[in-house]
Engineer: 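The structure under discussion is supplied below as structure tokens; questions concerning it will follow.
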Amino acid sequence: MKTINIKIGLLTVVISTLFGCNDDFLERYPLDELSNETFWKTENDLAVYNNSIYDLTKDDRNSTILFGHATKFPSVSNGYQYVDCFTDNMAPANARGRLNRYKDVRAGIHIPEGSQNYGYRGWDLLRAINVGLDNMATSPVEQEIKDKYIAEARMFRAWFYYDKVSKFGDNQWVDHEVKTNEDEILYGSRDPREFVMGKVLEDINFAVDNLPTSWGDGAAPGRLDHWDALALKSRLCLFEGTWRKYHGGGDANMWLQEAAKASKDLIDNGGYSLFTANNPLMDYNTSHRQLKDLSGNPEIIHWVKYEVGVRTNNVVRYYLYYTGGMTKDAIDDYLCDDGLPVSLSDRDIQNTQIEDVFVNRDPRLRQTVLHPEDRDVYEYDQGSQITFPRLIGMSGFEEGSTTGYHVIKFYNATDHALGYNNSETPAIVFRLGEIYLNYAEAMAELGTITQADLDLTINRLRDRVNMPHLTLNPPMDPKYAADGVSSLIVEIRRERRIELFSEGFRYDDLRRWKQGKKLEKKSYGMLWDDAAIARFPGANVQTEIINGKPYIDVYKGTPWANPVFDESKHYLWPIPLSALGQNPELGQNPGWE
């Protein structure tokens, strides 16, 4: 397990000198100062330079490389735990403008010149990567040694372009430091998606082949290694393979095979295992609620460290108050404890009060959403004696839940008590649970999956919470019968939604599966009948009748009330008008012209 808490030695000097150039062959370089010409001579030089790239990735508003929590105040709306707010999983507070970007995208009302967190930005990071690669190529350092640092930088570049292609499709592929006279690049057009992703595959394969399995940094880990490269390859190849399968494109099976191969290698040889303390009613939650140090969690492949006095966030407090809560649609997707969907199970599933939704259900539900009786278990917002759930308008809670389903998955009372902008909540970058799901899905999409594959992956996740095993021919849930995929793929997709809830995957999953129409579903919350009105005085909610019963309609009467997903345009984000103004040859994405 590794952290990112790398101290950037000589960063200011290195960046200021290396990003400059001077062609005067008579230039004399002071012996007591760093310069581009005197740098790059030792392994330490290469390590220090790559450290500067790690530092650039810390701006989580610009990049999803080593995606964590934005530092301090920006963690109100930027970080991997928020990305599900783009989807049918969560309903962020409708009074918080800081979260409007998520609601606008969810509703299909984002525009080409809107804010684009994690979007068409962060190009300075790509430039820094390419500057490093250009100079490392000519470094006199022994090839085997410098290949490790070249591999590290190429992994960063693969990650950068994978993210950009996933959101914008075609992109300009740039693999060197661009000079001011390179008009063919500065004012050039975008390269086709398939070309760019071919280059991404070359980069990530080089990283897999040349990064060490361990950097030997003992008590001070942090660098990306071979196992991280396999994890990234697993993720990006699954994305690209399924995108091409469902949206059209060549070599879909090759990408799926590469995803499966990388996943299996990591599962078999990485030495990682699922976190468990043999407590099915708490283990899933405990694995996500650890504070500060994840080095003892055998499931974590890579994580980002936050530490008072070094780098902190405020994600516990902001996430608690502003993300609104899980939606009814997500609640309904949790299986019953017999392993069947609610629509097919013979379990007694009542819905007269909030406590009912947890009865006879997958234990991960109660470990993700706050049961009213569990406030003391989690010491949830212990500053007063109020009861939960707390809806919008009720006193004693800063914002209130929009749905009634408070997310408890990441809440840590100790971290909350550290105070404003002083939290040390760590961020998980790669964990084994994701790799299990990637492998199972890739094999299912290839049509070669076996029961042994399911037992190796998804059924291990289910064993952790004592849920029945998934088999090769599960019954089809009527809710998904029209999706055009097998019942097995339906259940693998469901497992991703449940296991990876609010870890930043749902939006990309729906887009790559070409299931964007699911984003047209309205955001509903808990049952809101007369008993609820009496139980939660002061709540200010709107309702809609569903199957004869009133449920909270989160965005009724707002611009986000009736989401639209345009199949001709919304799978990709628009190129910002500011970028087109600088270079019209980039061209706008289809439907956004």
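Values below: all heavy atoms of this structure, side chains included; hydrogens, waters and symmetry mates excluded.
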Engineer: Given 3.5 Å as the limit, does a donor-acceptor pair link the side chain of R223 with the main chain of W215, or not?
Structural biologist: no

Engineer: Apply side chain to side chain donor-acceptor pair (under 3.5 Å) to the pair D348 and Q350, showing each step before the final yes or no.
Structural biologist: CA-CA 6 Å; D348 184 18; Q350 299 292 327; 2.6 Å; yes

Engineer: Among D509, D84, D329, which one satisfies side chain to side chain donor-acceptor pair (under 3.5 Å) with R497?
Structural biologist: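 Result for side chain to side chain donor-acceptor pair (under 3.5 Å) with R497: D329.
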
Engineer: Once you round to the nearest 0.5 Å, how far does CG of D60 lie from OG of S77?
Structural biologist: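 One finds 11.0 Å between CG of D60 and OG of S77.
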
Engineer: Salt bridge check: are R496 and E434 linked by an N-O gap of less than 4.0 Å?
Structural biologist: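 The answer is no: the pair does not qualify as a salt bridge.
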
Engineer: Among residues two or more places apart or on two chains, list those pairs meeting salt bridge (Lys or Arg N to Asp or Glu O under 4.0 Å) that have a residue in residues 526-542.
Structural biologist: E355-R535

Engineer: Look at the side chain of Y411 and the backbone N and O of D381, then say whether any donor-acceptor pair between them is shorter than 3.5 Å.
Structural biologist: yes

Engineer: Between S75 and Y319, do the side chains contain an N or O donor and an N or O acceptor separated by less than 3.5 Å?
Structural biologist: no

Engineer: According to side chain to side chain contact (heavy atoms under 4.5 Å, CB included), who are the partners of K328, at least two apart in sequence or on a separate chain?
Structural biologist: D332, Y524, Y551

Engineer: Checking side-chain contact (heavy atoms from CB on, under 4.5 Å) between F358 and each of I331, L365, L370, which is the one that passes?
Structural biologist: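 Only match with F358 under side-chain contact (heavy atoms from CB on, under 4.5 Å): L365.
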
Engineer: Any salt bridge between D337 and R361, counting N to O under 4.0 Å?
Structural biologist: no

Engineer: Side chain of T402, backbone of A91: donor and acceptor closer than 3.5 Å?
Structural biologist: yes

Engineer: What residues, two or more places apart in sequence or in another chain, satisfy side chain to side chain contact (heavy atoms under 4.5 Å, CB included) together with A259?
Structural biologist: C237, L238, A442

Engineer: Does the side chain of V369 reach to within under 4.5 Å of the side chain of H406, using non-hydrogen atoms?
Structural biologist: no

Engineer: Rounded to the nearest 0.5 Å, what separates atom CG in L99 from atom NZ in K103?
Structural biologist: 6.0 Å

Engineer: My understanding is that only residues two or more places apart in sequence, or in another chain, count here; which of them pass side-chain hydrogen bond (donor to acceptor under 3.5 Å, both in side chains) with D553?
Structural biologist: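 side-chain hydrogen bond (donor to acceptor under 3.5 Å, both in side chains) list for D553, sorted by chain: K522.
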
Engineer: Tell me, please, whether W513 has R493 positioned over its six-membered ring: NZ or CZ under 6.0 Å from the ring centre and within 45 degrees of its axis?
Structural biologist: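 Cation-pi check for R493 and W513: passes.
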
Engineer: For the residue pair N314 and T71, establish whether any side-chain heavy-atom pair is separated by less than 4.5 Å.
Structural biologist: no

Engineer: Holding to salt bridge (Lys or Arg N to Asp or Glu O under 4.0 Å), I want the full list of residues that pass it with R511, two or more places apart in sequence or in another chain.
Structural biologist: D508

Engineer: Output all residues satisfying salt bridge (Lys or Arg N to Asp or Glu O under 4.0 Å) with R462, sequence neighbours left out; order by chain, then residue number.
Structural biologist: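 R462: salt bridge (Lys or Arg N to Asp or Glu O under 4.0 Å) contacts with E495.
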
Engineer: For the side chain of R366 and the backbone of L281, is there at least one donor-acceptor N/O pair under 3.5 Å apart?
Structural biologist: no

Engineer: Taking ring-ring contact (aromatic ring centres under 6.0 Å, His included) as the test, write out the residues that go with F86, two or more places apart.
Structural biologist: Y102, Y507, W573

Engineer: With sequence neighbours left out, what residues match V308 under side chain to side chain contact (heavy atoms under 4.5 Å, CB included)?
Structural biologist: T312, N422, E424

Engineer: What residues, two or more places apart in sequence or in another chain, satisfy salt bridge (Lys or Arg N to Asp or Glu O under 4.0 Å) together with R61?
Structural biologist: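 Testing R61 for salt bridge (Lys or Arg N to Asp or Glu O under 4.0 Å), a comparison that skips the adjacent residues, returns D59.
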
Engineer: Applying salt bridge (Lys or Arg N to Asp or Glu O under 4.0 Å), can you list everything that pairs with D268, at least two apart in sequence or on another chain?
Structural biologist: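 Salt bridge (Lys or Arg N to Asp or Glu O under 4.0 Å) check on D268 returns K264.
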
Engineer: Start with the C-alpha distance between D283 and N279, add both sets of side-chain angles, then the distance that settles side chain to side chain donor-acceptor pair (under 3.5 Å), and finish with yes or no.
Structural biologist: CA-CA 6 Å; D283 284 348; N279 184 352; 5.2 Å; no

Engineer: Among D483, D362, D333, which residue satisfies the salt bridge (charged side-chain N to carboxylate O under 4.0 Å, His left out) criterion with R494?
Structural biologist: D333

Engineer: Atom CG of L461 and atom CD1 of I498: how far apart are they, to the nearest 0.5 Å?
Structural biologist: 12.0 Å

Engineer: Donor-acceptor check, side chain of S345 to backbone of V342, threshold 3.5 angstrom: yes or no?
Structural biologist: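 Not confirmed, S345 side chain does not pair with V342 backbone.
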
Engineer: Any side-chain heavy atom of F239 within less than 4.5 Å of one from S166?
Structural biologist: yes

Engineer: Distance only, no hydrogens: is a donor on one side chain within 3.5 Å (strictly under) of an acceptor on the other, for N438 and S263?
Structural biologist: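 No, because no side-chain N or O of N438 sits under 3.5 Å from a partner of the opposite role on S263.
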
Engineer: Quick check against the 3.5 Å criterion: does T425 have a side-chain atom that pairs as donor or acceptor with the backbone of V315?
Structural biologist: no

Engineer: Any chance the rings of Y82 and Y322 have centres within less than 6.0 Å?
Structural biologist: no

Engineer: Under 3.5 Å, side chain of R106 to main-chain N/O of L519, donor-acceptor pair present?
Structural biologist: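 Looks like yes, one N/O pair under 3.5 Å.
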
Engineer: Can a donor-acceptor pair be found, under 3.5 Å and without considering hydrogens, that links the side chain of D228 to the backbone of D225?
Structural biologist: yes

Engineer: Strictly by modelled atom types, are R460 and Y436 linked by a side-chain donor-acceptor pair under 3.5 Å?
Structural biologist: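 Side-chain D/A pair, R460 to Y436: present.
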
Engineer: Output all residues satisfying side chain to side chain contact (heavy atoms under 4.5 Å, CB included) with L232, sequence neighbours left out; order by chain, then residue number.
Structural biologist: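 L232 satisfies side chain to side chain contact (heavy atoms under 4.5 Å, CB included) with M155, W159, Y162, I204, L236, F430 once adjacent residues are dropped.
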
Engineer: What residues, two or more places apart in sequence or in another chain, satisfy side-chain hydrogen bond (donor to acceptor under 3.5 Å, both in side chains) together with T323?
Structural biologist: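 Residues passing side-chain hydrogen bond (donor to acceptor under 3.5 Å, both in side chains) with T323: none at all.
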
Engineer: Without swapping roles, check the side chain of K292 against the backbone of Y306 for a donor-acceptor pair under 3.5 Å.
Structural biologist: no

Engineer: Pick out which of Q290, E379, R289, H288 makes a side-chain contact (heavy atoms from CB on, under 4.5 Å) with N412.
Structural biologist: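 Only one option passes, and that is R289.
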
Engineer: Might you confirm whether atom NZ of K518 has over 12 heavy atoms from other residues, nucleotides or ligands at distances under 6.0 Å?
Structural biologist: yes

Engineer: Please determine if K521 and D88 form a salt bridge, counting it only when a charged side-chain N lies under 4.0 Å from a carboxylate O.
Structural biologist: yes

Engineer: What's the spacing between Y284 OH and M467 CE if we round to 0.5 Å?
Structural biologist: 13.0 Å

Engineer: Atom OG1 of T403 and atom CG of L391: how far apart are they, to the nearest 0.5 Å?
Structural biologist: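 One finds 8.0 Å between OG1 of T403 and CG of L391.
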
Engineer: Say you draw a straight line from NZ of K549 to CD of E544; how long is it, rounded to the nearest 0.5 Å?
Structural biologist: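 K549 NZ to E544 CD: 16.0 Å, rounded to 0.5 Å.
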
Engineer: So, Y321 versus F397, ring centres under 6.0 angstrom or not?
Structural biologist: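 Yes, ring centres under 6.0 Å apart.
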
Engineer: For D55, is there an ion pair with K58 - N to carboxylate O distance below 4.0 angstrom?
Structural biologist: yes

Engineer: Is the distance between the ring centroids of H371 and F388 less than 6.0 Å?
Structural biologist: no

Engineer: Taking the six-membered ring for Trp, is the centroid-to-centroid distance between Y118 and F67 below 6.0 Å?
Structural biologist: yes

Engineer: I'd like to know if the side chain of S343 pairs up with that of D477 as donor and acceptor (distance under 3.5 Å, no hydrogens or angles considered).
Structural biologist: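 S343 vs D477: donor-acceptor pair found between side chains.
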
Engineer: Under 4.0 Å between a Lys/Arg side-chain N and an Asp/Glu carboxylate O for R464 and E299?
Structural biologist: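 Answer for the salt bridge query: yes.
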
Engineer: Side chain to side chain donor-acceptor pair (under 3.5 Å), that's the test. Do N297 and W303 meet it? Break it down for me.
Structural biologist: CA-CA 11 Å; N297 188 330; W303 60 291; over 6 Å; no

